[in-house]
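For reference, the structure is listed below as structure tokens.
Atoms within a ligand are numbered from 1 in the order they appear, just like the ligands themselves.
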Amino acid sequence: MLEDIDSKLSKIRKADETSGYLTSLHHLLMWDLWTCLPPEGIDYRERLAGFIAGEQYKNCCSKEIDEIVNSLEDVDVIDDIDKAIVRELKRNRELNVRVPYEKKMKLDEACTKAQVAWKEAYEKSDFEIFRPFLEQIVNLNKEVADYIGYEGSRLNALIYRLEPGLNVRMIEKLFTSLKVGISDLLDKIEKSQVCIDTTLIKKNYDKQHLYRLSKYIVEKVGYSIEAGGYGESLHPFTSFIGPRDVRFTINYNNFESSVFSALHEAGHAIYSQNCDDRLKYTGLWGGIMGFIHESQGRFFENILGRNKEFWLYFYPYVQKELEEFKSMEFDEFYKAINLVEPSFIRTDADELTYNIHAIIRFEIEKDLFDDKIKIDDLPEIWNTKYKEYLGIEPTSYREGILQDMHWAMGLFGYFQSYALGNIYGGQFFHRMKEDKPNILQYAQNGDFEILISWLTENIYKYSKIYTPSELIIKSTGEELTSKYLLEYFNQKYSEIYCF
Ligand code: ZN
């Protein structure tokens, strides 16, 4: 019996290792695509990417692997790493096999065309150009959801692709309290008399200075350049090429965008660089994609990156690197990076209202997939929600429903991750401060070792061994709740806005 289990385990470990290599190849190609691929290389590259995706499918979805995975599912003698391999292979297979290959191809094709249409629609700020393509993608995604299967809301099937333990009802519960808390804070902030000037942080500076500054900050915080590297792109991203090769891009739009997006990507990268060495040659390294990864990006960008103690250490370096900041007092700077102001575009939003953008999109997607709203009504519903939750109404499709290409890429059932990541981050931060009460004082002295070692011990090292709902209990001792994020917001903004 045990011998039998050993031989089965060695087969699934091999499939998992191969899966890890193929995923790495995919990331390497993506890095190259967005940083240096010549235009005439695109056609061949698309075929190559398709070939790798096909190999991945063959690797994870063979009949033999399926039988082994099923036979090992309830076996207790295997350790947590092997259990995680079984779980991941099973989910991979379920998602790949339940949806017919032709349907997936049809959806891919529809998305490619929709992205071209979205670009034109965005440039002309004309929803009508995009509408028929969006309708087709939504209908195809509904079919995909029906193939995957679900209970309750149809969106649950698409959420399952990201996180099996999560569903619409759980998300709604978390978002309801978050929405009330944020709206309460927005009322108080609106009534506040505090004046904040963001001119200097919104200004553009010489690229070399911004590069040096971002590099200095992220490496001081814990990003290892020996296991990474930098590129440049308009929309920054991280590429998880290998356990010791995690690179990210920086943009140089203005001070705020450059420094905080570098911190965000560094959060993703530091997480991946610090997984347990035992996972190195498995498909489990790199961290849990989706909202746990997002929680780390947002943690470094906001909870740590917009924190007072953090900047008490780094602000002198800003003033040294960028002359203009010499005339700006620390307090003014701290307030400027924490300004709260409802705005239309999610990616430009402040730390507080950002959550509302994600909640609005989640609510719309839920009603759309439950057939409660029609495509034609989307722009109006969008605008009504912005008016209701943020008190602002987009005056063009470009600053409203056409603002990003997520839907054109077929990404439905994903948007909640942006707010969930913050909720996770708030809860991790609460626990971290309970365990290490002086953690921010260390940061103020430029010592980030205790912080990184807490994150490594409680989150990073596990990578994908546990699911998000198991991880939150393991690292914080509690189920996920919005209350810690709200506590953090209340404490921070009551001090800045004096209420
Ligand atoms: Zn991110």
Inset, instruction - Give a yes or no on whether a salt bridge exists between Lys308 and Glu495, defined as a side-chain N under 4.0 angstrom from a carboxylate O. - result: yes

Inset, instruction - Any pair with a residue in residues 160-169 that passes salt bridge (charged side-chain N to carboxylate O under 4.0 Å, His left out), sequence neighbours left out, goes on the list, sorted by first then second residue, please. - result: none

Inset, instruction - Answer yes if the ring centres of Tyr223 and Phe248 are under 6.0 angstrom apart, and no otherwise. - result: yes

Inset, instruction - Salt-bridge test for Glu470 and Lys474: reply yes if a basic N is under 4.0 Å from a carboxylate O, no otherwise. - result: no

Inset, instruction - Please examine the side chains of Glu88 and Arg91, heavy atoms only from C-beta on, and report whether any two atoms are closer than 4.5 Å. - result: yes

Inset, instruction - Flag the pair Glu478 and Arg431 as a salt bridge only when some basic side-chain nitrogen lies within less than 4.0 angstrom of an acidic carboxylate oxygen. - result: no

Inset, instruction - Measuring from the Zn ion (ligand 1), count protein N/O/S atoms under 2.8 Å, please. - result: 4

